[in-house]
Amino acid sequence: STPSNSSAASDVYKRQIEGLSYVNEEKSLESFMEPGSQKYEQKIQIRKEGYALLKKALKPSYELSYEEYLNGIGCVSLNCLGSSICATYSLLNHNCDPNTTMVYTSGNSFHVVARRDIEPNEEICTSYVDPEDGLERRQFDLYSWGFICHCERCTREGVDDLTILL
């Protein structure tokens, strides 16, 4: 390929990586583990040990805070499928009534396919949770992604009246 094509592809890739969704891994742990519990403290200790090992491996001139490290772990855990980081797929927003779904193919690959006709200018969305679940289960699962969903479906089903046990 020509240098300009290569440069353009590189720019697209950089924008995709910058656009990856992320959540602080420690805050994500707090959404489904009791802070202070033995299991929670073990997970935190493992992360601290991983951070110390990574710092040893990095050049001394490279500054990486513990917060940046946790955000990096969260980014990977939110945007990976098996051992692959899915930069393009991670750009899709969530909706409990998604217009796309992921279809796995052979190996470690997948395709995003439409679940229904998508109107011009309609946002292409996927579901981060099982859309067949009820409102309470979806909201509980979505909290580990760092948000409470207020999509049209959740609003219609009464998310504003729901007391979520978090």
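Here the structure is a predicted model, which means the values were calculated and not measured.
- Neither side chain, E41 nor Q45, offers a donor N or O lying under 3.5 Å from an acceptor on the other.
- Atom-to-atom distance recorded for R116:CZ and E122:CD is 4.5 Å, nearest 0.5 angstrom.
- Enclosure of atom CG in L54 by more than 12 non-hydrogen atoms of other residues, nucleotides or ligands within 6.0 angstrom is indicated.
- A heavy-atom distance below 4.5 Å is not found between the side chains of H94 and C125.
- Scanning both residues, L92 and T100, for their nearest heavy atoms gives CD1-OG1, 4.2 Å.
- Residues P131 and R115 form a side-chain contact, since some pair of their non-hydrogen atoms from C-beta on lies under 4.5 Å apart.
- Applying the salt bridge (Lys or Arg N to Asp or Glu O under 4.0 Å) definition to pairs two or more places apart or across chains, none involves residues 53-66.
- In plain terms, the two heavy atoms of E123 and N93 that are nearest each other are OE2-ND2, 2.6 Å.
- The side-chain heavy atoms of V159 and Q139, taken from C-beta on, include a pair separated by under 4.5 Å.
- Inter-residue side-chain proximity for C149 and V129 is flagged as unmet; no heavy-atom pair is nearer than 4.5 Å.
- Between H150 and D160, some side-chain heavy-atom pair lies under the 4.5 Å cut-off.
- From T155, atom OG1 reaches atom CG of L135 across 9.5 Å, with rounding to the nearest 0.5 Å.
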Walk me through whether I148 and L142 qualify under side chain to side chain contact (heavy atoms under 4.5 Å, CB included). CA-CA 6 Å; I148 295 173; L142 286 168; over 6 Å; no

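- In this structure R137 satisfies the salt bridge (charged side-chain N to carboxylate O under 4.0 Å, His left out) test together with D141, sequence neighbours excluded.
- Heavy-atom minimum distance, D133 versus R153: O-NH2, 3.7 Å.
- In this structure, Y128 and F147 have perpendicular ring planes: the angle between them is above 60°, well past the 30° mark.
- For the residue pair I118 and A114, the shortest heavy atom distance occurs at CD1-CB, 4.0 Å.
- Atom CD of E152 has 12 or fewer heavy atoms from other residues, nucleotides or ligands within 6.0 Å.
- In this structure, Y62 is a member of the same hydrophobic cluster as Y51, with clusters built from ILVMFWY side-chain heavy atoms closer than 4.5 Å.
- The distance from the CD atom of Q42 to the OG atom of S37 is 8.5 Å, given to the nearest 0.5 Å.
- Residues Y66 and L53 do not share a hydrophobic cluster, defined by chaining ILVMFWY side chains whose heavy atoms lie under 4.5 Å apart.
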